[in-house]
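In what follows, chains are A, B, ... by sequence order, proteins preceding strands, each numbered from 1.
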2 protein chains.
Amino acid sequence: MAHKKKNEANDIQGTGYLSNIAFDSVVFGFSGAKLKILLMEYHNTGFFALPGGFVKREENLNDAVRRGLKERTGLDHIYLEQCYVFGDTTRHKPEILKTILEANGHTVTDSHWLLDRFISVTYYALINYANVVPTPDALSDSCTWYDLDSLPELILDHHDIVNKALQTLRANIDQKLVGMNLLPAQFTMRELQNVYEAILGEQLRRTSFQRKILGLDLLKRHEKHYSGKAHKAPYLYSFKK
Amino acid sequence: MAHKKKNEANDIQGTGYLSNIAFDSVVFGFSGAKLKILLMEYHNTGFFALPGGFVKREENLNDAVRRGLKERTGLDHIYLEQCYVFGDTTRHKPEILKTILEANGHTVTDSHWLLDRFISVTYYALINYANVVPTPDALSDSCTWYDLDSLPELILDHHDIVNKALQTLRANIDQKLVGMNLLPAQFTMRELQNVYEAILGEQLRRTSFQRKILGLDLLKRHEKHYSGKAHKAPYLYSFKK
DNA sequence: TATTATTGTCTCATTGTGAGACAATAATAA
DNA sequence: TTATTATTGTCTCACAATGAGACAATAATA
């Protein structure tokens, strides 16, 4: 529901954007063996929400989402997948948006376009945690990482959206190259396994995992990585091509 | 893009529906060992399209789709899955809608709400072919079954929508109980295998298929079915519970 | 009564995965 | 220098899932 600062004419009439359509993104990052997502905190409200936005009249839906993610993370060419469309009437809670806008010093009439009902197209994104510079928008005073397993209360149905995103990510984990997008260019087998375990929420068997991944013939092996720990140094790998 | 007949005030202003949001459904049926889908043919245009519609202001998105399907098929409680949202600007072709409306005797101004850009939320539905009474809407003079492998030309990106629906159905075939929704209450193992083969577009090994399906422990076996053919009669099965 | 097509159920080989054994080694402790 | 510790890379063995085919059991027909 986060949106770009616009002039007041657009704000009131909403002419710059398609009506009734919003998008929300679950941006997954990986750090310290944990999955994290980006959340916005709206100024003076204690409300947390997923980063999102609206679609310009002359803009592709997917491009709108990329534009939103670029603003929040600074990144181009983000890995993105559609999850689901949330379109129940119960998600229409104009008082929440009103609170957010008023807490930011806007005076809002009941016909303000942001108070209308929105259907939300949701996405998940996979990004390399280290490359991101989380950036709040005009209505929020923070945009930061939260551990997936200790999220704050979220507005509207954003918890459902997070769950659906995680579910979709899990279902895709073996088709799409998940690790490639969440890890730096080079990584150890243990780090890749940590990503899979964080996503699936369960421990995997080290030997079977290694055998399976190497069997896919997708990894290139590099020199060893000396961590300074008292044990055999693991190889570094990268995804081929 | 098919829509319900409405009074002219609503037609012009589109106040009864959410703006810029449409849905389209790929309705799969199974007959003669072939997958079929329902298509509408618009009056006097030669245009073919998927059945679809728009979301009322006080209506859940999913309920809108069910309402549309009820109108086209006469069926309630249809098995339904979301596929994908098509939201590119290139799918906005107002001249096509204009042609359709004018061919139906409507006079259309350039600001007619149906000529606006629409994002389409797409679904696939699985129904029991025999139970359906395909029913055209106000703008179309037919709503009929077409073999999936010999579809006519479709308007806009509806071919992409069909492909995406088939792709999603294939991906779901082992999770969701596909056969239950496409077959009558009782069926032979061969018929169930035909459904899977039609969906996957490939031949399956009879013995492995039978072993796998029976291993799921989802089927109840009934009496034999004497087809009149010169060979051993197969058992009939139904899905448990 | 023999023939034909199809079904239900085997067996055997191959592949994929779970579970664990074990040697190799990078740093630390003695 | 040598033993200790934790972790890695690679085995082996057991078991489950699947591919491929064999074969007897039958409904109707010739």
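- Checked by distance alone, A:Thr207 brings a side-chain donor or acceptor within 3.5 Å of a matching partner on the base of C:dG20.
- Residue B:Phe187 contributes atom CZ, which lies 15 Å from atom P of C:dT7 at whole-angstrom precision.
- Neither OP1 nor OP2 of C:dT17 sits under 4.0 Å from any side-chain N or O of A:Ser208.
- Applying the side chain to side chain donor-acceptor pair (under 3.5 Å) rule to A:Gln193 yields the partners A:Glu197; only residues at least two apart in sequence or on another chain are considered.
- Side chain of A:Arg72 to backbone of A:Thr135: a donor-acceptor contact under 3.5 angstrom is found.
- To the nearest angstrom, C1' of D:dA16 lies 14 Å from NZ of B:Lys212.
- Comparing A:Phe209 and B:Tyr237 along DNA chain C, the residue whose closest nucleotide (by nearest heavy atom) sits nearer the 5' end is B:Tyr237.
- Under the rule for a side chain to side chain donor-acceptor pair (under 3.5 Å), B:Gln167 has no partner lying at least two apart in sequence or in another chain.
- One can place CG of B:Leu204 at 12 Å from C1' of D:dG19, the figure rounded to the nearest angstrom.
- Side chain of A:Thr122 to main chain of A:Tyr84: a donor-acceptor pair is present (N/O by atom type, distance under 3.5 Å, no hydrogens or angles).
- Remark: P of D:dA16 and CZ of B:Arg211 are 14 Å apart, rounded to the nearest angstrom.
- Checking side-chain atoms of B:Glu191 against main-chain N and O of B:Thr188 turns up a donor-acceptor pair under 3.5 Å.
- Atom CG in A:Leu214 sits roughly 15 Å away from atom C1' in C:dG16 (whole-Å rounding).
- When the P atom of C:dT7 is taken as reference, atom CD of B:Gln210 falls 8 Å away, rounded to whole Å.
- Aromatic ring orientation, A:Tyr124 versus A:Phe28: perpendicular (interplanar angle above 60°, classes split at 30° and 60°).
- Between the C1' atom of C:dA21 and the CZ atom of A:Arg205 lies a distance of 13 Å, rounded to the nearest Å.
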Going by atom type alone, with no hydrogens or angles, which donor-acceptor pairs under 3.5 Å involve a side-chain atom of residues 145-152 of chain B and a protein atom two or more places apart or on another chain?
residue  : atom : partner : partner atom : Å
B:Asp147 : OD1  : B:Lys36 : NZ           : 2.7
B:Asp149 : OD2  : B:Lys34 : NZ           : 3.3

Report task. For DNA chain D, produce a single dot-bracket line, 5' to 3'. Pairs: Watson-Crick or G-U wobble, both distances under 3.5 Å. Symbols: ( ) within strand, [ ] crossing, | other strand, . unpaired. Result -> ||||||||||||||||||||||||||||||

Query raised in the report: Which letter, B, S or -, goes with each nucleotide of nucleotides 22-30 of chain C from 5' to 3', with contact meaning a protein heavy atom under 4.0 Å?
Result: --BBBB---

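- Applying the ring-ring contact (aromatic ring centres under 6.0 Å, His included) test to every pair with at least one member in residues 199-241 of chain B, sequence neighbours left out, gives these pairs: B:Phe187-B:Phe239, B:Tyr196-B:Phe209.
- Rounded to an integer number of Å, the gap from CE of B:Met189 to C1' of C:dT6 is 14 Å.
- Salt bridge status for B:Lys212 with B:Asp174: present, with a side-chain N to carboxylate O gap under 4.0 Å.
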